[in-house]
Amino acid sequence: MYEFTKEVVAGECVLERTEEAVGAARRFLAERFAGWGIVDDFDGRLIVSELVTNALVHGNGPIVLRVFQDERDGLPVIEVQDDGVGRPLIQAENHAAIGGRGLLMVACLARDWGVRALAEGGKVAWAKCGI
């Protein structure tokens with residue numbers, strides 16, 4: 001069983017930059033959703049998979065995953081932070097490409113999503129699930 005490198009606070013963990021990170025992120029999200037009584041976590045697991053994969057492929061440094069409920073509407077929010085400088089963008093459709101569709105899936109599945117730069121460097125890619 002994969003162990004998280006460090007549980008920082010409830011709803012947050014730091015993932016190692018390994019191929020096991022995506023599976024660990026899905027399990028972490030599933031545990032959080034189950035704790036809130038959310039039975040259908042399929043969209044959330046797809047979203048977290050794509051955001052963590054993007055951080056692995058294009059980011060740097062530790063990957064910090066946060067899964068929490070928005071205080072205003074109770075909907076789950078997924079945040080993935082890394083130290084990379086590039087900003088994720090939805091790629092133009094290319095039927096011959098074998099990758100590059102992850103953020104398009106996030107945009108289709110999430111109620112809202114985006115990326116914000118951090119003052120200390122790096123970025124946070126986030127998505128709000130529309131359960």
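The analysis underlying the following values was restricted to heavy atoms, covering all of them including side chains, and did not include hydrogens, waters or symmetry mates.
- Residues Ile78 and Trp126 are not in side-chain contact: their nearest non-hydrogen atoms beyond the backbone lie 4.5 Å or more apart.
- Note that CG of Asp82 is 12.0 Å distant from CG of Leu65, once rounded to the nearest 0.5 Å.
- The main-chain N or O of Leu75 is never found under 3.5 Å from a side-chain atom of Arg111 such that the two would form a donor-acceptor pair.
- Once rounded to the nearest 0.5 Å, the distance linking CD of Glu50 with CE of Met105 reads 3.5 Å.
- Between Leu15 and Cys13, the closest heavy-atom pair is CD2-SG, 3.9 Å.
- Remark: the Glu20 side chain and the Thr18 side chain contain an N/O donor-acceptor pair separated by less than 3.5 Å.
- When side chains are defined from C-beta on, Leu56 counts as touching Ile63, because their heavy atoms get closer than 4.5 Å.
- With hydrophobic clusters built from ILVMFWY side chains whose heavy atoms lie under 4.5 angstrom apart, Val22 shares a cluster with Val80.
- Residues Cys129 and Gly44 approach most closely at SG-CA, 4.0 Å, considering heavy atoms.
- Residues Gly61 and Asp83 share a closest heavy-atom pair of CA-OD2, 3.7 Å.
- In this structure, Asp40 contributes its side chain and Phe42 its backbone to a donor-acceptor pair below 3.5 Å.
- Rounded to the nearest 0.5 Å, atoms CZ (Arg45) and CD1 (Ile47) are 11.5 Å apart.
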Margin query: salt bridge (charged side-chain N to carboxylate O under 4.0 Å, His left out) for Lys128 and Asp73? Distances and angles first, verdict last.
Written below: CA-CA 11 Å; Lys128 181 184 274 193; Asp73 57 18; 2.8 Å; yes
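- Note on Val124: it does not cluster hydrophobically with Val48, by side-chain heavy-atom contacts below 4.5 Å among ILVMFWY residues.
- Side-chain contact annotation: Gln81 with Arg66, donor-acceptor N/O pair under 3.5 Å present.
- Atom CH2 of Trp36 is separated from atom CZ of Phe68 by 8.5 Å, given to the nearest 0.5 angstrom.
- Ion pairing of Arg32 with Asp41 is absent here, as no side-chain N (NZ or NE/NH1/NH2) approaches a carboxylate O to less than 4.0 Å.
- Ion pair Glu79/Lys123 not flagged as a salt bridge, since none of the NZ, NE, NH1 or NH2 atoms sits closer than 4.0 Å to an Asp/Glu carboxylate oxygen.
- For Asp43 against Leu109, the heavy-atom pair with the smallest separation is OD1-CD2, 3.6 Å.
- Side-chain contact check for Leu51 versus Trp113: every heavy-atom pair is 4.5 Å or farther apart.
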